[in-house]
Amino acid sequence: MKNKQTYWKTNLKYLVILLSIWFTVSYGFGILLADQLNQIQMGGFKLGFWFAQQGAIFIFVILIFVYIYLMNRLDRKFKNKK
Amino acid sequence: MELQYWIWIAVGLSFTLYITIAIASRASSTGEFYIAGKGVPPIANGMATAADWMSAASFISMAGIISFNGYDGSVYLMGWTGGYVLLALLLAPYLRKFGKFTVPDFIGDRYYSNVARGVAVFCALIVSFTYIAGQMRGVGVVFSRYLEVDITTGVLIGMLIVLFYAVLGGMKGITYTQVAQYCVLIFAFMLPAIFISLMITGNAIPQIGFGSTGSDGVYLLDKLDGLHRELGFHEYTSGKKTILDVFLITAALMVGTAGLPHVIVRFFTVKKVSDARKSAGWALLFIAILYTTAPAVAVFSRTNLIETVSNKSYNALPEWFNKWEATGLITYVDKNQDGLVQYLADSQLNELKVDADIMVLANPEIADLPNWVIAIMAAGALAAALSTAAGLLLVISSSVSHDLIKKMIKPDVSEKGELIAARLSAVGAVILAAYFGINPPGFVAATVALAFGLAAASFFPAIVMGIFSKRMNKEGAVAGMVVGILLMLFYMTKFKFGWFGGGTEKDWWLGISPEGFGSFAMMVNFIVSIAISRFTPAPDTEIQKLIEDIRNPDEE
């Protein structure tokens, strides 16, 4: 029982961290702060525009694979305890 | 060789492939028909989800829409990819652990009520039908454009193909045809994109070419911004829409994606919980290949279009211009009789109209690619439309045969009877969808985009709270779903079809467009659900145990 609760709490912690990044790169950098970030030039891109049309999508993919890694590790840890 | 022959060969070969796969993997039980017997490997499921998800609109229209809207087109790019993060983190693993057949299954069991199940079936049918009619139309349009048959014939051919493999193969057949369709469509999309990128920037990777310089040494995006300013258009890299509206539309598309039944059900088809997470990762990776290329294609073709036509003599334009002019997708009227093409933002002086679809369709000719590439594009566009139509069809048929007949009307139906009912309702749904494809009611085009708002306003809160809140009960969830979907239907019919007194952009609540309103309706759903659940009894221990079980990934 104790195990289950720690498992769930750790899962929720991962969710909060990953979803904060998800929110920041899309709604934050791609929308709310886009005009400010557009003052910064990265290669041929204005940074805010790049986040909205490229960067956010790359980071979304990375976020899911990080979550897969974290949860597989967590699953293994709790299986061993049993 | 003649283009028409190439097209018939490419389309014929790809259809033979789909049908062969369907025969090899036909379903023999309801478990195989609804969820492919829970045996799909994660990478295959990722490809199938990607094909399921990317429709004819993603393939043909999206790059063009972005190319005409610049930064504002970002709502589609972020909105239609960010939803997979929500799916992977908040929904897919838990719904897979729950391990039944459909989304209404989950809602009905978790909220211990057939009323909740019925409301969920109603929402699933509304969302799926608005979507599938658009897909059948898409199939017809692609056929008529490439194979020179009329739209009705095109819809009928598409209908027969989908009917064959969806009815025979069920989810199992659909899954493996979708894997094949993904391969066809991504190859067809990337090939011309890579050549255009090489032609314009010298870099073979469109995502990098996008931020590179053209042959004149100026960054492509800076050049495009400059061209736009010159011709009076809005600067490409900044938006016209308000920040609030961009925010809300993106949110509605993201949450709507995560709430679409035909996408969710794909995660029921894998062996275990960890596979559900993996499939979501693969799905988004496969989708991202197209979604990060599309904005690059948008910029390449936009720049190329302006440089090719603006202030050039009409008689000296390249061949592809006249070819597409003949289809009516490009129109040119020489208003000031100077023989030059004036392409301007000012509609009084502008002489050129360009359909958004041109940006993808004309790519092979602009890059001067051989005819077989065009043939592969035709096969790719059909793959995109057919795969999405088949996925939706399955949701409709399982809603009827499983949720309505088996769970609500006639619980004692035999497995064999249910399978027959599933196949019959698939046939019924195809015929209805084909009818709407041939005689599209005016509202179809307007509502496809709004299907996301409907899904966001109805399913998403009920499913998420069903997993993450043990306190959420049937009263709260049902009230939330009903209020959410009615509010969304009200707003969309009011501002899109002029019901309830209608209204124009000025009357939008807080300046929110109907496309972005789904986010607002979703918030209302959450608030209503939570408020009502506080004043009504908590779910009993049976349900508490179900929730505990969903959260625990181990199969006992």
Side-chain angles (χ1 to χ4, degrees), chain A residues 1 3-5 7-9 11-12 14-19 21-23 25-35 37-38 41-76 78-79 82, chain B residues 66 70-71 73-75 77-79 81-90 93 201 207-213 218-223 225 236-239 243 246-247 250-251 254 273-274 277-278 280-285 287-288 291-292 294-296 298-299 468 548 551-554:
Chain A
M1 195 60 215
N3 258 347
K4 263 189 199 160
Q5 272 174 16
Y7 177 87
W8 185 245
K9 283 228 174 84
N11 178 25
L12 291 182
Y14 293 157
L15 292 183
V16 171
I17 297 171
L18 295 174
L19 287 177
I21 301 175
W22 166 82
F23 184 87
V25 296
S26 51
Y27 297 94
F29 297 163
I31 299 175
L32 298 173
L33 300 170
D35 284 343
L37 288 178
N38 276 344
Q41 187 89 12
M42 189 185 72
F45 292 107
K46 291 176 177 166
L47 197 57
F49 177 83
W50 182 78
F51 266 106
Q53 302 215 335
Q54 298 273 293
I57 303 175
F58 295 138
I59 294 166
F60 292 157
V61 177
I62 295 169
L63 286 176
I64 301 185
F65 280 98
V66 168
Y67 183 67
I68 295 170
Y69 168 76
L70 290 174
M71 289 310 281
N72 284 349
R73 202 179 58 175
L74 191 66
D75 284 349
R76 270 200 304 277
F78 278 83
K79 239 180 208 146
K82 267 180 202 166
Chain B
I66 296 168
Y71 169 82
S74 313
V75 295
L77 295 167
M78 287 189 286
T81 53
Y84 280 86
V85 179
L86 297 177
L87 264 169
L89 272 55
L90 301 179
T201 69
Q207 287 83 347
I208 299 175
F210 192 12
S212 309
T213 56
V218 182
Y219 280 125
L220 215 52
L221 283 164
D222 292 343
K223 178 156 68 183
D225 277 343
Y236 192 84
T237 54
S238 59
I243 287 185
V246 169
F247 190 101
T250 308
M254 277 196 194
V273 173
S274 58
R277 294 192 286 257
K278 278 186 209 153
W282 288 117
L284 184 57
L285 179 68
I287 291 168
Y291 271 62
T292 53
V299 166
F468 289 89
E548 284 287 344
R551 293 176 179 185
N552 174 11
D554 297 333

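Throughout, protein chains are lettered first and strands after them, A, B, ... in sequence-line order, and every chain is numbered starting at 1. The shown structure was predicted, so the numbers you read here are calculated from the model rather than taken from an experiment.
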Do the side chains of B/Val273 and A/Asp75 get nearer than 4.5 Å, heavy atoms only?
no
For residues A/Trp22 and B/Leu86, determine if any side-chain heavy atom of one lies less than 4.5 Å from a side-chain heavy atom of the other.
yes
Working to the nearest 0.5 Å, report the span between CE of B/Met78 and CD1 of A/Ile31.
4.0 Å
Please classify the contact between B/Ile243 and chain A as side chain, backbone, both or neither, with a heavy-atom cut-off of under 4.5 Å.
both
Rounded to the nearest 0.5 Å, how far does CZ of B/Arg551 lie from CG of A/Leu12?
7.0 Å
Indicate yes or no for a side-chain donor-acceptor contact from A/Gln53 to the backbone of B/Gly70 under 3.5 Å, with no hydrogens or angles considered.
yes
How long is the gap from CZ on A/Phe58 to CG on B/Leu285, to the nearest 0.5 Å?
10.5 Å
Separation of B/Ser274 OG from A/Leu74 CG (nearest 0.5 Å):
12.5 Å
All heavy atoms of A/Ile64 vs all of B/Gly281, minimum pair found to be CG2-CA, 3.4 Å
Evaluate the side-chain proximity of A/Lys4 to B/Asn552: yes if any heavy-atom separation is below 4.5 Å, no if none is.
yes
Aromatic rings B/Tyr71 and A/Phe49: how do their planes relate, parallel, tilted or perpendicular, breaks at 30° and 60°?
tilted
Among A/Asn38, A/Leu18, A/Leu19, who wins on heavy-atom pairs under 4.5 Å with chain B?
A/Leu19
As an exercise, state the distance from CD1 of A/Ile68 to CZ of B/Arg277, rounded to the nearest 0.5 Å.
8.0 Å
Output field: ring centroids A/Trp8/B/Phe468 closer than 6.0 Å
yes
State, yes or no, whether a side-chain contact exists between A/Ile57 and B/Gln207 at a heavy-atom distance under 4.5 Å.
no
Is B/Ile66 in contact with chain A via its backbone, its side chain, both, or neither, using a 4.5 Å heavy-atom distance?
side chain
State, to 0.1 Å, how close B/Leu77 and A/Ala52 come at their nearest heavy-atom pair, and which atoms those are.
CB-O, 4.3 Å
In terms of the angle between their ring planes, are A/Tyr27 and B/Phe247 parallel, tilted or perpendicular, with boundaries placed at 30° and 60°?
tilted
Chain A heavy atoms under 4.5 Å from B/Ala283: which part of the residue, side chain, backbone, both or neither?
neither
Can you tell me which of B/Thr81, B/Val75, B/Val218 forms the most heavy-atom pairs within a distance under 4.5 Å of chain A?
B/Thr81
Is there a side-chain contact between B/Pro93 and A/Met71, using heavy atoms and a 4.5 Å cut-off?
no
Residue pair B/Pro553 / A/Tyr7: nearest heavy atoms and the distance that separates them
CG-OH, 2.9 Å
